[in-house]
Amino acid sequence: MGRARHIAGRTLGELARGVGMVAPPDLRRHKGWVGQLLEAALGSTAGSRKGPDFSQLGIELKTIPVDLSGLPRESTFLTVLTPAELVSVEFERSAVMAKLRKVLWLPIQADPAIPLPSRRIGNPHLWSPTPAEEARIRADWELFARWVADGQLDAISAHQGEVLQVRPKARDAKALRLSPDPDGGASMMLPRGFYLRASFTKEILARYYRLPSPP
DNA sequence: TTGTGATCATCT
DNA sequence: AGATGATCACAA
């Protein structure tokens with residue numbers, strides 16, 4: 001937290017210089033660059049390994065792109081949806097809950113008008129779901145678990161879920177994998193991932209930062 | 001090839 | 001405007 005508070009207010013360009021990284025012209029072909037920069041700056045070595053970014057602390061680091069009001073611009077990717085895990089494990093032991101048990105939110109200016117190296121880092125917020133928040137996440141998760149158990153993964157759309165959603169997570173729409181189908185067998189389907197809706201992270205951040213909420 | 005880091009590009 | 005479905009880079 002000391003490190004995170006210390007970099008609050010600095011620009012991505014300054015931070016990059018400090019860790020020997022170079023800001024790309026834009027994020028179109030470097031969508032994960034900001035997240036990777038902050039990992040390097042805060043000393044996370046988790047890389048693409050499973051588990052929390054700071055394994056000893058059990059803390060998951062999430063940069064969150066915010067607009068001029070400080071409100072989230074995008075949903076937040078959590079983890080891939082593994083059908084076998086989803087139907088065999090309790091919510092408390094799920095990959096989703098493992099990610100959400102303790103999250104360090106790091107707001108990053110993401111207004112397109114601001115050049116990438118000039119964008120500033122905000123104050124960190126260490127968050128764990130309240131019992132009420134956890135109940136909402138669990139209700140969505142259990143809904144998805146039932147659909148997958150019925151072989152209906154392919155029928156799930158991003159419209160479902162109040163706070164959690166299931167969306168494609170793949171190289172592209174042609175990268176298919178075997179998933180349980182309605183016949184009890186397996187068919188090639190588009191891989192999915194779990195995401196937190198921007199409306200939900202908006203609630204979380206607005207409470208902590210006292211940001212404007214919708215009228 | 002898969003998981004982690006996400007944002008992009010359209011559609012409604 | 002906001003959200004959905006698609007997409008991009010890199011490490012292991």
Side-chain angles (χ1 to χ4, degrees), chain A residues 12 15-16 19-55 59-69 71-86 94-96 98-100 103-116 119 121 140 144 153-179 188-203 205-206 212-215:
Chain A
L12 298 185
L15 217 56
V19 298
M21 291 174 70
V22 176
D26 59 69
L27 295 177
R28 275 181 300 183
R29 307 189 77 83
H30 304 271
K31 299 182 179 182
W33 185 80
V34 175
Q36 284 154 4
L37 170 64
L38 271 296
E39 282 184 351
L42 294 180
S44 165
T45 55
S48 63
R49 294 198 297 267
K50 301 184 94 171
D53 297 296
F54 299 96
S55 49
I59 293 176
E60 175 71 14
L61 173 65
K62 287 292 181 195
T63 61
I64 183 150
V66 297
D67 63 17
L68 291 174
S69 305
L71 297 171
R73 288 175 54 89
E74 293 279 356
S75 56
T76 300
F77 172 71
L78 297 179
T79 183
V80 294
L81 187 162
T82 307
E85 189 239 54
L86 191 52
S94 67
V96 166
K99 294 284 183 184
L100 293 181
V103 178
L104 182 61
W105 297 105
L106 217 45
I108 311 287
Q109 285 183 330
D111 188 298
I114 309 174
L116 189 56
R119 297 183 186 178
I121 298 152
D140 288 341
F144 296 128
L153 172 62
D154 242 8
I156 296 176
S157 95
H159 296 280
Q160 292 164 262
E162 186 216 343
V163 297
L164 198 62
Q165 23 170 214
V166 167
R167 303 222 307 274
K169 177 60 174 171
R171 182 65 179 76
D172 56 44
K174 293 168 224 164
L176 307 181
R177 301 177 64 180
L178 284 174
S179 293
M188 298 305 282
M189 302 183 195
L190 186 58
R192 315 301 171 95
F194 286 105
Y195 297 75
L196 286 184
R197 289 187 179 278
S199 54
F200 184 56
T201 54
K202 190 177 295 189
E203 280 184 39
L205 298 192
S213 3

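Note on naming: letters A, B, ... go to the chains in the order of the sequence lines (proteins, then strands), and numbering restarts at 1 for each one. Computed from heavy atoms alone, side chains included, the values below leave out hydrogens, waters and symmetry copies.
- Note on A:Ala110: nothing from the nucleic acid sits closer than 4.0 angstrom, heavy atoms only.
- A heavy-atom distance below 4.0 Å to DNA chain C is reached by none of the residues of residues 73-82 of chain A.
- Across residues 156-169 of chain A, A:Ser157, A:Ala158, A:His159, A:Gln165, A:Arg167, A:Pro168, A:Lys169 each have a non-hydrogen atom less than 4.0 Å from an atom of DNA chain C (numbered order).
- Ion pairing of A:Asp154 with A:Arg192 is present here, as a side-chain N (NZ or NE/NH1/NH2) and a carboxylate O approach within less than 4.0 Å.
- Between the side chain of A:Asp111 and the backbone N or O of A:Leu68, no donor-acceptor pair lies under 3.5 Å.
- In this structure the side chain of A:Pro65 never reaches within 4.5 angstrom of the side chain of A:Arg119, judged on heavy atoms.
- Taking atom CZ on A:Arg192 and atom P on C:dT4, their separation rounds to 14 Å, with Å as the unit.
- If you measure from atom CG of A:Asp53 to atom C1' of B:dG3, you get 12 Å, rounded to the nearest angstrom.
- Residues passing the side chain to side chain contact (heavy atoms under 4.5 Å, CB included) test with A:Leu176, sequence neighbours excluded: A:Met188, A:Leu190.
- Here the P atom of nucleotide B:dT7 and the NZ atom of A:Lys31 are 10 Å apart, to the nearest Å.
- Side-chain atoms of A:Arg171 lie closest to C:dC8 of the nucleotides B:dG5, C:dC8, C:dA6.
- Contact annotation for A:Gly35: backbone-only contact, meaning every heavy-atom pair under 4.0 Å involves sugar-phosphate atoms and none involves a base.
- Atom-to-atom, CG of A:Leu153 to P of C:dG5 comes out at 13 Å; the value is rounded to the nearest Å.
- Looking at residues two or more places apart in sequence or on another chain, you find no salt bridge (charged side-chain N to carboxylate O under 4.0 Å, His left out) involving A:Asp67.
- Between A:Leu12 atom CG and B:dG5 atom P there is a gap of 17 Å when expressed in whole angstrom units.
- With hydrogens and angles ignored, no donor-acceptor pair under 3.5 angstrom links the side chain of A:Tyr195 to the base of C:dA3.
- Judged by distance alone, with hydrogens and angles left aside, the side-chain atoms of A:Asp53 form no donor-acceptor pair with the main-chain N or O of A:Ser44 at under 3.5 Å.
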Residues 27-37 of chain A side chain polar contacts: donor-acceptor under 3.5 Å, at least two apart:
residue, atom, partner, partner atom, Å
A:Arg28, NE, A:Asp26, OD1, 3.3
A:Arg28, NH2, A:Asp26, OD2, 3.2

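- Under the ring-ring contact (aromatic ring centres under 6.0 Å, His included) criterion, A:Tyr195 pairs with A:Phe77, not counting sequence neighbours.
- Using a distance-only test at 3.5 Å, with no hydrogens or angles considered, no donor-acceptor pair links the side chain of A:Thr79 to the main chain of A:Ala95.
- Atom P of nucleotide B:dT7 and atom CG of A:Leu38 are separated by 11 Å, given to the nearest angstrom.
- One can place CZ of A:Arg29 at 14 Å from C1' of C:dA6, the figure rounded to the nearest angstrom.
- Nucleic acid contact class of A:Pro191 (heavy atoms, under 4.0 Å, all strands): none.
- Using a 4.0 Å cut-off, no side-chain N or O of A:Lys62 falls inside it from OP1 or OP2 of B:dT4.
- When the P atom of B:dA9 is taken as reference, atom CZ of A:Arg28 falls 6 Å away, rounded to whole Å.
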